[in-house]
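Input: a single structure, listed below in structure tokens.
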Amino acid sequence: EAQVTQNPRYLITVTGKKLTVTCSQNMNHEYMSWYRQDPGLGLRQIYYSMNVEVTDKGDVPEGYKVSRKEKRNFPLILESPSPNQTSLYFCASSLDLDYTQYFGPGTRLTVL
Amino acid sequence: SQQGEEDPQALSIQEGENATMNCSYKTSINNLQWYRQNSGRGLVHLILIRSNEREKHSGRLRVTLDTSKKSSSLLITASRAADTASYFCATDGAQKLVFGQGTRLTINP
């Protein structure tokens with residue numbers, strides 16, 4: 001089944017404790033991206049990747065890192081999480097930017 | 001920066017009625033997409049319309065695109081309770097897809 005998976009789905013952590021949210025797709029997609037969704041602000045892109053080893057900043061990259069060492073995986077790293085990073089995070093992938101994006105189920109992160 | 005903006009922000013109608021949502025954007029596009037999101041879940045792609053298309057249908061969905069006005073509309077006909085969700089338009093910006101803030105649609109039985 002074609003899908004985008006994210007782990008964990010729910011995470012409660014404390015300020016400053018490094019964490020990684022994994023994202024994996026099985027559709028051989030080249031384009032992958034991370035979004036955060038906050039009430040009243042809609043979806044905002046954090047980082048995106050056009051292909052392996054090619055990543056770039058989205059609209060709200062501060063406090064986040066990503067890597068794209070393999071085509072299927074695109075982890076989101078929070079080196080030192082802060083409460084303002086409490087949000088619902090989505091990973092998405094597509095063949096290319098002009099194509100349908102497939103979204104993961106989301107990761108609800110709470111930073112205390 | 002937001003490219004697409006949906007209107008209205010919220011819409012509540014009776015089951016069986018038609019629902020129309022609008023999206024306006026600022027810069028030229030190659031295509032525009034509509035997505036649906038059920039509460040707290042991932043977005044699901046509904047339809048993609050390219051800049052050289054004016055109208056597209058998919059089941060009970062009808063999407064129009066007016067590039068001269070930089071606007072698009074999504075029409076859901078014969079609404080059902082299961083259509084209750086948030087609907088987002090997305091436009092292709094510079095190397096990225098930019099989403100609007102969405103229209104929250106509620107279908108009342």
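Order of the sequence lines sets the chain letters (A, B, ...), proteins ahead of strands, with each chain counted from 1. All of these numbers come straight from a predicted model, not from anything done at the bench.
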Practice prompt. Could you please state which residues from residues 76-96 of chain A sit under 4.5 angstrom from chain B, measuring non-hydrogen atom to non-hydrogen atom, sorted by number, or 'none'?
Written response: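 Residues in range: Leu88(A), Phe90(A).
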Worksheet entry | Any residue of residues 19-30 of chain A which, by heavy atoms, sits under 4.5 Å from chain B |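 So far as heavy atoms go, nothing in residues 19-30 of chain A approaches chain B to under 4.5 Å.
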Are [X] and [Y] connected in the hydrophobic side-chain network, where two residues link if heavy atoms are under 4.5 Å apart?
X         : Y        : result
Val66(A)  : Met50(A) : no
Val111(A) : Trp34(A) : yes
Leu109(A) : Tyr47(A) : yes
Phe74(A)  : Val4(A)  : no
Phe103(A) : Met32(A) : no

Worksheet item: So which part of Ser33(A) gets closer than 4.5 Å to some heavy atom of chain B, the side chain, the backbone, both or neither?
Response: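 Interface part for Ser33(A): neither.
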Item to complete: Please look at Tyr102(A) and chain B and tell me whether the side chain, the backbone, both or neither of the residue comes under 4.5 angstrom of a heavy atom of that chain.
Response: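 Tyr102(A) has no heavy atom closer than 4.5 Å to chain B.
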Practice prompt. Looking only at non-hydrogen atoms, find the nearest pair between Gln101(A) and Leu97(B) and report the distance.
Written response: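 Minimum heavy-atom separation between Gln101(A) and Leu97(B): CG-CD2, 3.5 Å.
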Discussion item. To the closest 0.5 Å, what do you measure between CD (Gln37(A)) and CZ (Phe99(B))?
Written reply: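 Result: 9.5 Å between the selected atoms.
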Worksheet entry | Residues of residues 31-49 of chain B within contact distance of chain A, non-hydrogen under 4.5 Å |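 The residues closer than 4.5 Å to chain A, in numerical order, are Asn31(B), Gln33(B), Tyr35(B), Gln37(B), Gly40(B), Arg41(B), Gly42(B), Leu43(B), His45(B), Leu48(B).
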Practice prompt. Considering only heavy atoms, give the residues of residues 50-86 of chain B separated from chain A by less than 4.5 Å, sorted numerically, with 'none' for an empty result.
Written response: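 Answer by number: Arg50(B).
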